[in-house]
Amino acid sequence: MTQAPYPSDPRPPYPSQAPIPADARDAAYRVLSAHAKTYPDLLPVEPQIQHLEPRDRALCHAIIRESVTRWITLRYIVSELAGRGFETIEPRMQAVLIGAAAQLLLLDRLPPHAVINESVEWAKQYIRPKAGGMTNAVLRKVSRTRGEILDTYTNQPNTIPLASGTALTLNDLTLPTDQLSQASTAYSIPKATINRWTKLYPDRVDQLVAHTLMHPPTLVYTEHWAEIVDQEDLEPHDSNTHRVYTGSRTHLTRLLDTHPSLRVQDPASSSVVQSIPEGDYKTIIDYCAGQGTKTRQLAERFPNATIIAMEIDSRRLDTLMDVFDGNRKVHVRHVDELAESVPNGADLILADVPCSNSGVLARRMEARYRPMTIQVGRIAQIQQDILSAVIPHLNPGGTLVYSTCSIEPEENQDQRDWIKQDPIFEFIEDHQILPSASPSDPASMYTDGSYASIFKKLK
């Protein structure tokens, strides 16, 4: 690596004086340094890896994924072996210890000596020369802690569950003894979240917690089975409108280009649009359109409608513009342009609002550590503000669909009841999908969580 000052804020874009990451570990540790500064309020950070080979890019993403998903687990192990509280360790040191521990314990086929040596050199260069000594000492202990792989996880205090459904034995190290702390440390979920789900879903809490460890499969949605039934990389899923993709990313891109009806989408997501009642919708507002997945589904389901896909985030707006470039039926607009975009109102409004993401923590790993009760209290007001802004543009007789990827009642049923208080609305129905499958289950059982409620505006 070229000697250079470490950027004060490693989030892209990197300062001009910072070197381009030399390799996968360098890029990953920069992202983890950003996370260490803001934990538990983690935000998605894209690593600077465009110049790396595909194999190195995959390694970088794997390091970040395992580190973030198992932050509480790895923090506990590092603290025990370092002999000091994790909060007393500076952010960059936290990053290199967490990232290297993830490789030593959770990623197979990586030579321990290479992980340790490169991590020590990174600490010397980007923290200070003497930081290499502590890094070397702690990581050698971490390497010795890795024990045998067991077929299943049985809550033994000297084991941790793995995303594959197996378990890793920890040599000369045990997790906290009380049940709640052990579960929190083993699955890397805050104790407050486990307590909360225990009250809300007492019969499902174990499965919900275990689900967050899974590596989500790539699920493909289509209503045109005849075109793809013979594709060897598409395997059956429990949902009859989805299949599990098992091939390479390159082949997936080709497949999606060849079959425009195909798209990557989870059943919990597609169910929202599938649940919309049939109707003669001339104008549809897709508010908070995100990456445009539900927008595409709306366009397929209601081909005669004009769809206004609205977003507030500039990067997502750019994505939407690219996705629907040349599409005469879908118009991309900033949310500030709502009034002029639908001067005659809309017949259908889909408000797929920001939420805590508690139904998709296996995919949105950065969201798992935010204090859930505080988070949903803050976001619930934002959700109501969005509804208050968009509802006046719904025509009499029109349909309102409110949806989230949350499983928290404050963001779902409580908001449903808030809308029901308005006498201009007739409540039609709602449905909630809880995340399904655990690490030992086949990919065909995997589903995210979501919620949707449907209203009719009275004439």
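For reference, positions follow the sequence shown, starting with 1. Both backbone and side-chain heavy atoms feed into the values below; hydrogens, waters and symmetry mates do not.
Counting only N and O atoms by type, the side chains of S358 and E408 include a donor and acceptor under 3.5 Å apart.
Cation-pi geometry between R70 and Y76 is not met at under 6.0 angstrom from the ring centre and within 45 degrees of the axis.
Taking the six-membered ring for Trp and the full ring otherwise, H211 and Y446 have centroids separated by under 6.0 Å. With ring centers used as reference points, Y126 lies under 6.0 Å from W122.
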**Request:** Output, in order, the C-alpha distance, side-chain angles, deciding distance and verdict of side chain to side chain donor-acceptor pair (under 3.5 Å) for H242 and S270.
**Result:** CA-CA 9 Å; H242 293 76; S270 63; 3.1 Å; yes
**Asked** Taking it one step at a time, do S269 and Q265 satisfy side chain to side chain donor-acceptor pair (under 3.5 Å)?
**Response** CA-CA 7 Å; S269 171; Q265 189 177 21; 3.1 Å; yes
**Item:** Derivation and outcome, salt bridge (Lys or Arg N to Asp or Glu O under 4.0 Å), residues E366 and R65
**Value:** CA-CA 9 Å; E366 297 90 357; R65 181 194 65 225; over 6 Å; no
**R75 vs Q94, side chain to side chain donor-acceptor pair (under 3.5 Å): CA-CA, chis, key distance, verdict** = CA-CA 8 Å; R75 181 181 65 181; Q94 291 182 16; over 6 Å; no
**salt bridge (Lys or Arg N to Asp or Glu O under 4.0 Å) assessment of K294 paired with D286** = CA-CA 8 Å; K294 290 188 179 70; D286 183 6; over 6 Å; no
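R146 and D108 are joined by a salt bridge, as a carboxylate oxygen and a charged side-chain nitrogen come within less than 4.0 angstrom of each other.
A donor-acceptor pair under 3.5 Å is formed between the side chain of S67 and the backbone N or O of I63. In this structure, S438 contributes its side chain and D441 its backbone to no donor-acceptor pair below 3.5 Å. Looking at T159, its side chain never comes within 3.5 Å of a backbone N or O of A167 through a donor-acceptor pair. Looking only at distances, a side-chain donor or acceptor of E411 sits under 3.5 Å from a matching main-chain atom of S356. Between the side chain of E148 and the backbone N or O of T169, no donor-acceptor pair lies under 3.5 Å. With T404 contributing its side chain and C355 its backbone, the two residues share no donor-acceptor pair below 3.5 Å. Proximity of a side-chain donor or acceptor of Y369 to a complementary backbone N or O of P190 within less than 3.5 Å is not detected. Distance alone, capped at 3.5 Å, places no donor-acceptor pair between the N412 side chain and the Y451 backbone. A donor-acceptor pair under 3.5 Å is formed between the side chain of R57 and the backbone N or O of L52. Distance alone, capped at 3.5 Å, places no donor-acceptor pair between the N357 side chain and the V360 backbone.
Taking every heavy atom of both residues into account, L208 and T212 meet most closely at O-CG2, 3.4 Å. Scanning all heavy atoms of the two residues, the minimum distance from P236 to S444 falls at O-CB, 3.5 Å. The nearest pair of heavy atoms linking N304 to K329 is O-NZ, 3.5 Å. T295 and A289 make their closest contact through OG1-CB, 3.7 Å (heavy atoms, listed as atom of the first residue, atom of the second, distance). The two residues A362 and M214 come nearest to each other via the heavy atoms CB-O, 3.8 Å. R301 and V273 get closest at one heavy-atom pair: NH1-O, 2.7 Å.
When the shell of 6.0 Å around NZ of K191 is examined, it contains 12 or fewer heavy atoms from other residues, nucleotides or ligands. Shown here is I374, whose CD1 atom has no more than 12 heavy atoms of other residues, nucleotides or ligands within 6.0 Å. By the 6.0 Å contact criterion, CG on D257 is enclosed, its count of non-hydrogen atoms from other residues, nucleotides or ligands being greater than 12.
Just one residue in the list T399, I284, V401, V390 forms a side chain to side chain contact (heavy atoms under 4.5 Å, CB included) with I349, and that residue is V390. Here the options are T73, L139, L97, the test is side chain to side chain contact (heavy atoms under 4.5 Å, CB included), and the partner is V78; only L97 passes.
Aromatic ring orientation, Y187 versus Y153: perpendicular (interplanar angle above 60°, classes split at 30° and 60°).
In this structure the side chain of V342 reaches within 4.5 angstrom of the side chain of T283, judged on heavy atoms. Residues R263 and E300 form a side-chain contact, since some pair of their non-hydrogen atoms from C-beta on lies under 4.5 Å apart. No side-chain heavy atom of R30 sits less than 4.5 Å from a side-chain heavy atom of P47.
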